[in-house]
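Counting begins at 1 with the first residue of the sequence. Only heavy atoms go into these numbers, but all of them, side chains included; no hydrogens, no water, no symmetry mates. These figures come from a predicted structure and were not determined experimentally.
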Amino acid sequence: MNSMKIRRTAIAVAAAALLPFSLAACSDSGSDTQAAGPSAAAGDQARSGESAPADTAMTMDQPFGPACAGVPKEGAGSFDGMAKDPVATAASNNPALSTLVAAVKKAGLVDTLNNAKDITVFAPTNDAFAKIPKADLDKVLADKATLTKILTYHVVGQRLTPEQLENGSFETLQKGMVTTKGSGESYKVNATSNVVCGNVKTANANVYIVDTVLMPK
């Protein structure tokens with residue numbers, strides 16, 4: 001009888017001694033699970049949060065517009081190649097801007113544009129110049145003062161981002177004003193000229209290639 005009581009007492013004492021350790025182990029296991037859960041979730045959110053804005057920013061910073069497809073993929077006339085050269089030199093490597101480049105040379109503006117710092121150029125394509133009757137265009141190209149006035153009207157003395165073109169008004173080097181409106185990948189200059197390849201970077205300028213020659217007001 002006494003031995004049975006002793007065994008029961010020993011078992012009760014052992015159970016009482018082990019119970020705190022069992023509870024502590026369960027508590028620790030739950031804490032670990034809870035701690036790991038939010039941490040892992042936070043890590044997932046952080047990774048998700050880091051990649052999405054970066055991708056968006058990268059997309060928004062790229063050239064855009066239908067005419068961009070005609071820009072060479074490699075070489076000096078490519079987007080990467082143009083980014084290394086000042087704007088007049090960069091334009092000379094783009095076949096779609098050969099008429100503009102010839103006009104810039106006739107006006108003696110190559111060094112002016114290449115040496116300018118942080119400018120924006122609205123660059124008319126060859127097709128834009130072709131909209132002007134040949135007799136009128138030849139007359140303008142032969143008149144350096146008028147040609148200079150027209151060309152400098154296409155240049156703004158700061159680098160403009162697409163966001164700034166959404167509803168903008170900017171003074172040009174000719175001292176006249178150009179207005180811009182649009183959003184996304186669709187912008188107009190002076191309500192008449194469409195940006196057909198925008199946000200092209202050169203060493204000293206942002207270039208927006210347009211489909212109509214701008215005339216000073």
Side-chain angles (χ1 to χ4, degrees), residues 54 57-132 137 140-141 144 146-165 168 170-176 178 180 182 185 187-190 193-214 216:
M58 186 177 295
T59 300
M60 292 178 66
D61 198 42
Q62 298 300 309
F64 62 84
C68 291
V71 174
K73 303 299 182 186
E74 299 178 346
S78 67
F79 291 128
D80 288 341
M82 291 178 73
K84 298 173 184 176
D85 291 323
V87 64
T89 302
S92 71
N93 293 318
N94 187 323
L97 300 177
S98 59
T99 305
L100 173 63
V101 171
V104 167
K105 289 179 178 177
K106 279 183 174 290
L109 293 174
V110 172
D111 289 341
T112 299
L113 294 177
N114 276 348
N115 293 328
K117 183 179 180 182
D118 293 333
I119 59 175
T120 292
V121 176
F122 295 103
T125 62
N126 296 343
D127 289 341
F129 281 101
K131 292 179 181 181
I132 302 172
L137 180 58
V140 169
L141 292 174
K144 186 174 180 179
T146 300
L147 183 60
T148 298
K149 183 178 180 181
I150 292 172
L151 293 176
T152 54
Y153 183 67
H154 289 74
V155 184
V156 173
Q158 59 178 307
R159 283 185 184 258
L160 299 177
T161 65
E163 290 80 6
Q164 289 175 286
L165 301 188
F170 309 99
E171 184 178 27
T172 69
L173 296 192
Q174 181 267 338
K175 301 303 182 186
V178 293
T180 58
E185 296 188 357
Y187 297 92
K188 279 185 177 289
V189 186
N190 287 353
S193 189
N194 297 297
V195 173
V196 293
C197 184
N199 205 29
V200 178
K201 306 294 177 59
T202 76
N204 67 328
N206 288 355
V207 177
Y208 293 87
I209 300 174
V210 295
D211 68 356
T212 304
V213 176
L214 306 175

Chemist: Where is the tightest heavy-atom contact between G65 and E185, given as atom of each residue plus distance?
Modeler: N-OE1, 4.3 Å

Chemist: Which heavy atom of F79 sits nearest a heavy atom of C68, and at what distance?
Modeler: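 The pair with the smallest heavy-atom distance is CZ-CB, 3.8 Å.
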
Chemist: Can you confirm whether T172 sits close enough to V155 that some side-chain heavy atom of one is under 4.5 Å from a side-chain heavy atom of the other?
Modeler: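 A side-chain contact is absent here, since even the closest heavy-atom pair is not under 4.5 Å.
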
Chemist: Where the side chain of T152 meets the backbone of L173, is there a donor-acceptor pair that is under 3.5 Å apart?
Modeler: no

Chemist: Closer than 3.5 angstrom, by distance alone: can the side chain of N94 be matched with the main-chain N or O of A90 as a donor-acceptor pair?
Modeler: no

Chemist: Going through the distances and angles, do N199 and Y187 end up as a side-chain hydrogen bond (donor to acceptor under 3.5 Å, both in side chains)?
Modeler: CA-CA 11 Å; N199 205 29; Y187 297 92; over 6 Å; no

Chemist: Sub-3.5 Å donor-acceptor pair from the side chain of Y153 to the main-chain atoms of K175, do we have one?
Modeler: no

Chemist: With a 4.5 Å heavy-atom cut-off, do V195 and I209 have their side chains touching?
Modeler: no

Chemist: Side chain of T148, backbone of K144: donor and acceptor closer than 3.5 Å?
Modeler: yes

Chemist: Checking the side chain of R159 only, and the main-chain atoms of D118 only, is there a donor and an acceptor separated by less than 3.5 Å?
Modeler: no

Chemist: Given V156, which partner from the list V121, T120, T180 fulfils the side-chain contact (heavy atoms from CB on, under 4.5 Å) test?
Modeler: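 With V156 as partner, side-chain contact (heavy atoms from CB on, under 4.5 Å) holds for just one option, T120.
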
Chemist: Between atom CG of D85 and atom CG of N114, what is the distance when rounded to the nearest 0.5 Å?
Modeler: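 Reported value, rounded in 0.5 Å steps: 8.5 Å.
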
Chemist: Might you point out which heavy atoms bring F64 and P162 nearest each other, and give the distance in Å?
Modeler: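 Here F64 and P162 meet closest at CE2-CG, 3.8 Å.
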
Chemist: CD1/I132 to CG/L137 distance, rounded to the nearest 0.5 angstrom?
Modeler: 5.5 Å

Chemist: For I119 and L113, work out which heavy atoms get closest and say how close.
Modeler: CD1-O, 4.1 Å

Chemist: Output side-chain donor-acceptor pairs under 3.5 Å for residues 122-131, partner residues at least two apart or in another chain, one line each.
Modeler:
residue, atom, partner, partner atom, Å
T125, OG1, D127, N, 3.4
T125, OG1, A128, N, 3.1
N126, OD1, S98, N, 3.1
N126, OD1, S98, OG, 3.4
N126, OD1, T99, N, 2.9
N126, OD1, T99, OG1, 3.2
N126, ND2, P95, O, 3.1
N126, ND2, S98, OG, 3.1
K131, NZ, D211, O, 2.8
K131, NZ, T212, OG1, 3.0

Chemist: Run the side-chain contact (heavy atoms from CB on, under 4.5 Å) check on Q164 and Q158 step by step: do they pass?
Modeler: CA-CA 11 Å; Q164 289 175 286; Q158 59 178 307; 3.8 Å; yes

Chemist: Please check if the side chain of T202 supplies one atom and the backbone of A83 the other of a donor-acceptor pair under 3.5 Å.
Modeler: no

Chemist: Do K201 and D61 have side-chain heavy atoms sitting under 4.5 Å apart?
Modeler: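 Of all side-chain heavy-atom pairs linking D61 with K201, at least one is under 4.5 Å.
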
Chemist: Contact between N206 and V200 at the side-chain level, heavy atoms closer than 4.5 Å - yes or no?
Modeler: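 N206 does not reach V200 side chain to side chain.
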
Chemist: Report yes or no: do N204 and K117 form a side-chain donor-acceptor pair below 3.5 Å?
Modeler: no

Chemist: Quick check for you: to the nearest 0.5 Å, what is the distance between H154 atom NE2 and L100 atom CG?
Modeler: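 One gets 8.0 Å once the value is rounded to the nearest 0.5 Å.
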
Chemist: For K188, I'd like to know if atom NZ has over 12 heavy atoms of other residues, nucleotides or ligands within 6.0 Å.
Modeler: yes

Chemist: Once side chain to side chain donor-acceptor pair (under 3.5 Å) is applied, do any residues pair with E171, and if so which ones, sequence neighbours excluded?
Modeler: none

Chemist: Could you check whether any side-chain heavy atom of P216 comes within less than 4.5 Å of a side-chain heavy atom of K149, counting everything from C-beta outward?
Modeler: yes

Chemist: Of all the heavy-atom pairs spanning P72 and G77, show the shortest one and how long it is.
Modeler: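 Between these two residues, the closest heavy atoms are CD-O, 3.5 Å.
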
Chemist: Write down the atom of S193, the atom of L214, and the distance for their closest heavy-atom approach.
Modeler: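 Heavy-atom minimum between the residues: CB-CD2, 3.6 Å.
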
Chemist: Are the side chains of V210 and N194 in contact, using a 4.5 Å heavy-atom criterion?
Modeler: no

